[in-house]
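The block underneath contains the structure these notes are about, expressed in C-alpha cells.
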Amino acid sequence: MTGELCWVDSAGRPNGIAVTPLLRGEVPCVALPYSHRATVRLLAEATEVGFAVTDGRSLRTGQGGLVVFGPVRVIDDLSGSLFGEQLLEQELRKYPPSRALVDSLLLRRENWWWMPRVVVELSGVNRAVESARRDDPARNALLIHGSETAAVSTVALGERSSGRMEITSLDDALPLDGGTGMVFGYDYTSTDLERWESWRFSGSLRRGGFEISHGEGTPGEKSRPLGLLERIRRRHRIAKACRGEITVAERHTNGGSREVSWTP
C-alpha cells in the first residue's frame, strides 16, 4: 500500500513524496528512515500537511482517493522503540523490502540503522478533500499547488516537451494561471515494491498546461529488476545515508531518547 505526503514549505514551494501510510493507534502517520531527514525538515515547516491515498492499487474497486490536511507532529525515534513496538508489523505487511532488513531480531541487529525513524503523524484535521483515483501511473499524477497551504488535484498527463507539459484535471478545475506547482507521480513493482521510482516536475500553471522549470525522473519509465550487485550497492547507499543522519540527530538531541518531538 502506498500514499503521498503533500505540503508547501516555508519558501512557498509545493512538495510531495511517496510514502507507506501507517496508523499509530487511529492517527495517520509515516515512519521515514533517517535518509529522509532533510526532506522532513522542510515538511515540518509547513503550516499543514496533506496525507493522501490516491493510487488505485491501494484503494478498493470504485473507491475514490482522499487527502486529509492538518498540522503534524515530528518525532525523532532514535532508539527505534516506537517504530518497533507500534509500527513495524504494519510496515512489514505494506512495504515488503523491509522484510529483508528487519524481519527478525538477527536482521535488526545487523541492519540497526533501519530501525530508527523520523515519525510524522497528523496531530489534527483541518479539512478532508475527496480526490479522483489514479489508475494509470504512467499518465495520472498529483498536482500540488498553492503559495501558503497546499491544494492537491489529480491530473492526466498529455504531450510533454522540454519546457511544457499538457495536463487535464481529473477532479476539480485546474487552478488559475500563474500559480506555482509541482506535478508528481510514481510507479513500483506491484509484487514486492523493490523498485519504487518517483518523478516530479516543478514550475507554474500557464494556459491550461504546466510550464516546467525543473524536473526529475520520467513518467511511465519501466523499471527493470535489480541485479545482485545493484541491490548490494543500493543497500550500502541507504545505510550510509541513514547512519550519517542518525549521528546528526543524536548530536542535536544530546544522545537521543525514545521520543523527541522537534520543530526546525
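Looking at R206 and E211, no side-chain N of the basic residue comes within less than 4.0 Å of a carboxylate O on the acidic one, giving no salt bridge. Salt bridge status for R108 with D103: absent, with no side-chain N to carboxylate O gap under 4.0 Å. Comment: R127 engages E48 in a salt bridge, judged by a side-chain N to carboxylate O separation of less than 4.0 angstrom. Under the 4.0 Å criterion applied to side-chain N and carboxylate O atoms, E4 and R134 are assigned as salt-bridge partners.
In terms of modelled atom types and a separation under 3.5 Å, the side chain of D77 and the main chain of V118 share no donor-acceptor contact. The backbone N or O of R133 lies less than 3.5 Å from no partner atom in the side chain of T54, so there is not a single donor-acceptor pair. In this structure, the side chain of S131 does not engage the main chain of L66 through any donor-acceptor pair within 3.5 Å. A donor-acceptor pair under 3.5 Å is formed between the side chain of R200 and the backbone N or O of G16.
In this structure, CE on M1 lies 5.0 Å from NZ on K94, to the nearest 0.5 angstrom. Annotation: the span from M115 atom CE to S81 atom OG amounts to 8.0 Å, rounded to 0.5 Å. Distance CZ/R243 to CH2/W114: 13.0 Å, rounded to 0.5 Å.
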Problem - Stepwise salt bridge (Lys or Arg N to Asp or Glu O under 4.0 Å) test for R117 and E91 - result: CA-CA 12 Å; R117 296 298 178 102; E91 177 166 297; 2.8 Å; yes
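In plain terms, the two heavy atoms of G50 and V67 that are nearest each other are CA-CG1, 4.0 Å. Of all heavy-atom pairs between W199 and L157, the closest is CH2-CD1, 3.6 Å. Shortest non-hydrogen contact noted between T154 and A132 is OG1-O, 3.0 Å. In this structure, L142 and C6 approach most closely via the heavy-atom pair CD1-SG, 4.2 Å.
For the pair L59/V53, a side-chain contact is recorded, criterion being any heavy-atom separation below 4.5 Å from C-beta on.
Applying the side chain to side chain donor-acceptor pair (under 3.5 Å) criterion to Q90, with sequence neighbours excluded, gives no partner residue.
Note: W196 and Y188 have perpendicular aromatic rings, judged against thresholds of 30 and 60 degrees for the angle between ring planes.
Other residues, nucleotides and ligands contribute at most 12 non-hydrogen atoms within 6.0 Å of the CZ atom of R233.
Looking only at atom types and distance, the side chain of D55 has no donor-acceptor partner in the side chain of S58 under 3.5 Å away. Between the side chains of T180 and H145, no donor N or O sits under 3.5 Å from an acceptor N or O. Judged by distance alone, the side chains of Y95 and T2 never bring a donor and an acceptor atom under 3.5 Å apart.
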